[in-house]
Amino acid sequence: MNENNPSCYRFGVSYTCPICKSTKLIKSGKTTNGKQRYCCKECSKRFIINYSYNAYQPNTNQQIILFTKEGLGIRSTARVLRISITTLLKRIIAIATNIQQPPIAKGKSYEVDEMRTYIGKKSRLRWIVYALERESKTVVSFNVGRRTNKTLKHVIRSLELSNTRKIYTDKLKNYRYIIHKKIHNTLIHSTNHIERHNLSIRTHLKRLNRKTICFSRSLVILMAVLRIYFWG
Ligand SMILES: [Zn+2]
């Protein structure tokens with residue numbers, strides 16, 4: 001596979017194991033359409049060199065992440081990569097589950113805000129609640145759900161565990177009940193950074209564009225796409 005690495009030339013072609021990158025490979029029978037199959041002696045995985053189906057190409061997952069962040073929706077990504085929509089959805093979930101939430105630094109200030117979106121149809125209104133660290137402008141926690149204390153709490157609790165200095169929010173009543181008075185701030189213009197960040201997310205992610213029919217059809221995929229966008 002790796003054409004730049006001369007150490008992995010065997011059988012007249014250059015390649016390594018796509019799973020463990022080992023060069024210790026042996027021939028291992030043929031596929032039904034006559035392609036040579038190889039077996040890795042280190043990890044015992046079997047593979048072929050030129051897959052006909054594009055989803056099996058080694059860089060497909062990187063491209064899925066790239067296109068998702070560049071504002072392509074599910075169907076346009078599937079068209080560009082020439083893979084099926086079902087495969088793409090499965091891959092998005094698989095990629096997202098492997099992404100770890102970054103640790104929340106102690107003693108920082110955060111802005112928390114909600115962003116409106118729909119799941120499946122316009123009557124099914126949902127809110128994306130997320131926390132933005134003020135200095136580094138990184139998203140440290142998010143949740144999707146109805147605009148209730150339960151949804152907001154998930155984000156606020158994760159912040160409180162890390163000795164937060166201040167939490168800046170808008171004047172939504174729910175925050176008064178779930179954030180301690182000492183660290184809560186609702187001053188005007190105090191959520192400017194996160195409001196601007198909302199606009200960036202709406203521009204970058206196809207499913208959050210406004211005045212379109214491109215909103216998410218599934219909560220699971222929306223959560224997965226947000227995870228890839230924030231931390232992937
Ligand atoms: Zn291997």
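Below, each value reflects all heavy atoms present in this structure, side chains not excepted, and no hydrogens, waters or symmetry copies. Order of appearance sets the numbers: ligands from 1, and atoms from 1 within every ligand. Residue numbers count from 1 along this sequence. Quick caveat, the model's predicted, so the values are computed rather than measured.
Pairs of residues two or more places apart, or lying in two chains, that qualify as side chain to side chain donor-acceptor pair (under 3.5 Å) and include a residue from residues 105-114 are E111-R134, E111-H193, D113-N198, E114-R147, E114-Y175. Listed by first and then second residue, the side chain to side chain donor-acceptor pair (under 3.5 Å) pairs that reach into residues 90-103 are N61-R91, sequence neighbours excluded. The side chain to side chain donor-acceptor pair (under 3.5 Å) contacts involving residues 223-232 comprise H204-Y229, where partners must be two or more places apart or lie in separate chains.
The hydrophobic clustering, which links ILVMFWY residues whose side-chain heavy atoms are closer than 4.5 Å, places V144 and L152 apart. Connection of I167 to I104 is established within a shared hydrophobic cluster, with ILVMFWY side chains joined at heavy-atom distances below 4.5 Å, either directly or through further cluster members.
For the Zn ion (ligand 1), protein N/O/S neighbours under 2.8 Å (waters excluded) are C17 SG, C20 SG, C40 SG, C43 SG.
The distance from atom CZ of R207 to atom CD1 of I119, rounded to the nearest 0.5 Å, is 8.5 Å.
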